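To keep things clear, I will list the structure first and then write my remarks on it.
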2 protein chains.
Amino acid sequence: MADTKKPEMSASQAEILDAAAEVFMRLGTETASIDDVARQLGSTKGRIYHHFPSKGVLLAEVCLRAADFVLKKVPPVITPVATPEENLRQMILTHIPEVLRTLPYHKVIIQSYVGVQQKSTTPLERALFAQVQQERKTYETLFREVLRAGMEDGSFRAQNLSITLQSVLLMINAPVFWYRPRDDEPESFLPELSTQLADMALASLR
Amino acid sequence: MADTKKPEMSASQAEILDAAAEVFMRLGTETASIDDVARQLGSTKGRIYHHFPSKGVLLAEVCLRAADFVLKKVPPVITPVATPEENLRQMILTHIPEVLRTLPYHKVIIQSYVGVQQKSTTPLERALFAQVQQERKTYETLFREVLRAGMEDGSFRAQNLSITLQSVLLMINAPVFWYRPRDDEPESFLPELSTQLADMALASLR
DNA sequence: AGGCAAACATACTACTGAGTATGCTGTCAA
DNA sequence: TTGACAGCATACTCAGTAGTATGTTTGCCT
């Protein structure tokens, strides 16, 4: 655990992950083949297997990147000087645009969340998915602590914390299920969407 | 449209659908094979293909049944004499236990909702999935109308209706993502879960 | 210049899993 | 009783896909 966990991803690897996320989103992680991903890249299998040892690892890396996106943006906006309401609101207002900016990644990680333990994975794949699980747990804890603090000081209604946490998390991820970027969409839509969801989430806690 | 849409499902067919829902839930709709479903039944492929022409149709029938479950229970509790809040609360308190009672089916339909258009489907499969889409839309409309009525008479805060609808729907389906029945679970847990979610959903609208 | 990796492309192999063709068995009507 | 059909089981076929083995090019260091 001595070394920092940044495996120095190359530009080509990032490009492959972008393509994989896009294709996995469109076709589903199981249905999509490595050849589909290669076609999306305008290249062939060889390129992908040069950088990733298996399809399972590729999928795991996509999920890991999805988790990293929000995990880099949200923690910095939390501050001890703010009230739980203010903290939670800022977290949500940061979370939603970042998720929609990297939408394909999050559509993929939700697939892996809804369906399925991976079948017959290699040790490396298991390790990566364990890391995804870990980061997910870390991210949940950020929200859990804010909710707990708010319930303690009476800002939020006292009730089952786990249920509350899951509900709030799913609520702020709801756009992942239905949002599709549109050409005729006004500039103001994303901020409006974010604030409305933040309002609803906060209201649900009172 | 003259005939009633009840294709007279046999007991054997229902048993197959139960097994398919269970296996599709555990392994994922793409990963799970027909042989897996057959093994769950303690029989072989032959039985399944005798009743269903393809894996896609089998999956579609599972989704259709999932939609039917809630669509049979929820509409009867809606009444014009009640306020929008009261109607919505009763709908949620009916929806959640029914979903958890038939959990595997709903885990499957959510998979098909998150991931993917089906690839290279037969006309029959397309027709069935269109029917699923139709029933889903019908179900959504029930909630949309109650929300709209509540916004009109001032019970609910006026805001983007579609966003509100999607958020509420996802919120009351949240347990599908995380709930797992436990042996040491008190009798009272399900009612408590339902009322807490109903409270949160209604509060989010104020 | 030249050699040597890294970064791919090409051409395979092996296997899994959907779908089919056919065989077997009980049941029920005529 | 018999034949005919529903309800399965068994034993295949065949297409698609993950993974591999091996070529080919491109930078890059000396």
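Only this structure's heavy atoms are used, side chains among them; waters, hydrogens and symmetry mates stay out. Treat the numbers as computed from the prediction; the structure is a model and nothing was measured. In what follows, every chain begins at residue 1, and chains take the letters A, B, ... in the order their sequences are listed.
- By the side-chain contact (heavy atoms from CB on, under 4.5 Å) test, V74(A) is found to be paired with M91(A), T94(A), H95(A), Y139(A), residues two or more places apart in sequence or in another chain being considered.
- To the nearest angstrom, P of dA6(D) lies 13 Å from CD of Q13(B).
- Separating the CG atom of D36(A) from the P atom of dG19(D) is a distance of 14 Å, rounded to the nearest angstrom.
- Evaluation of the side-chain contact (heavy atoms from CB on, under 4.5 Å) rule for R136(B) yields Y113(B), E140(B) as partners, not counting sequence neighbours.
- As judged by a 4.0 angstrom heavy-atom cut-off over every strand, S33(A) is placed among residues touching the sugar-phosphate backbone only.
- In this structure, the side-chain hydrogen bond (donor to acceptor under 3.5 Å, both in side chains) partners of R89(A), at least two apart in sequence or on a different chain, are D199(A).
- Following rounding to the nearest Å, L41(B) (CG) and dC8(D) (P) show an atom-to-atom distance of 10 Å.
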Show each protein N/O and nucleotides 25-28 of chain C N/O combination with a separation under 3.5 Å, one pair to a line.
none

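- Going from atom CD1 of I34(A) over to atom C1' of dT20(D) covers 14 Å, rounded to whole Å.
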Could I get a table of every N or O pair under 3.5 Å where one atom is in the protein and the other is in nucleotides 21-27 of chain D?
none

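- Under the side-chain contact (heavy atoms from CB on, under 4.5 Å) criterion, A127(A) pairs with no residue, sequence neighbours left out.
- Partners of S12(A) by side-chain contact (heavy atoms from CB on, under 4.5 Å), not counting sequence neighbours, listed by chain and number: S10(A), I16(A), R47(A), H51(A).
- Scanning for ring-ring contact (aromatic ring centres under 6.0 Å, His included) contacts around Y49(A) gives an empty result, with sequence neighbours left out.
- With sequence neighbours excluded, the residues satisfying side-chain hydrogen bond (donor to acceptor under 3.5 Å, both in side chains) with E185(B) are Y179(B).
- Atom C1' of nucleotide dA9(D) and atom NE2 of H51(B) are separated by 13 Å, given to the nearest angstrom.
- The side chain of S12(A) places an N or O atom within less than 4.0 Å of a non-bridging phosphate oxygen (OP1 or OP2) of dC8(C).
- Side-chain contact of T29(B) with E30(A): a donor-acceptor pair under 3.5 Å is absent, judged by distance alone.
- OP1 or OP2 of dC8(C) has not a single side-chain nitrogen or oxygen of T44(A) nearer than 4.0 Å.
- A distance of 10.5 Å separates OG1 of T102(A) from CG of D68(A), quoted to the nearest 0.5 Å.
- Look at CZ on F52(B): it is 12 Å from P on dG7(D), rounded to the nearest Å.
- The distance from atom CG of D35(A) to atom P of dT10(C) is 12 Å, rounded to the nearest whole Å.
- Sorted by first then second residue, the ring pair (Phe, Tyr, Trp, His ring centres under 6.0 Å) pairs that include residues 53-76 of chain A, not counting sequence neighbours, are F69(A)-Y105(A).
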Polar atoms only, N or O, under 3.5 Å: list the protein pairs with nucleotides 12-14 of chain D and their distances.
none

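- S54(B) is linked by a side-chain hydrogen bond (donor to acceptor under 3.5 Å, both in side chains) to E125(B), counting only residues two or more places apart in sequence or in another chain.
- Within the structure, a side-chain polar atom (N or O) of H50(A) is placed less than 4.0 Å from OP1 or OP2 of dA7(C).
- The distance from atom OH of Y49(B) to atom P of dT10(D) is 17 Å, rounded to the nearest whole Å.
- Atom CG of D183(B) is surrounded by 12 or fewer heavy atoms from other residues, nucleotides or ligands within 6.0 Å.
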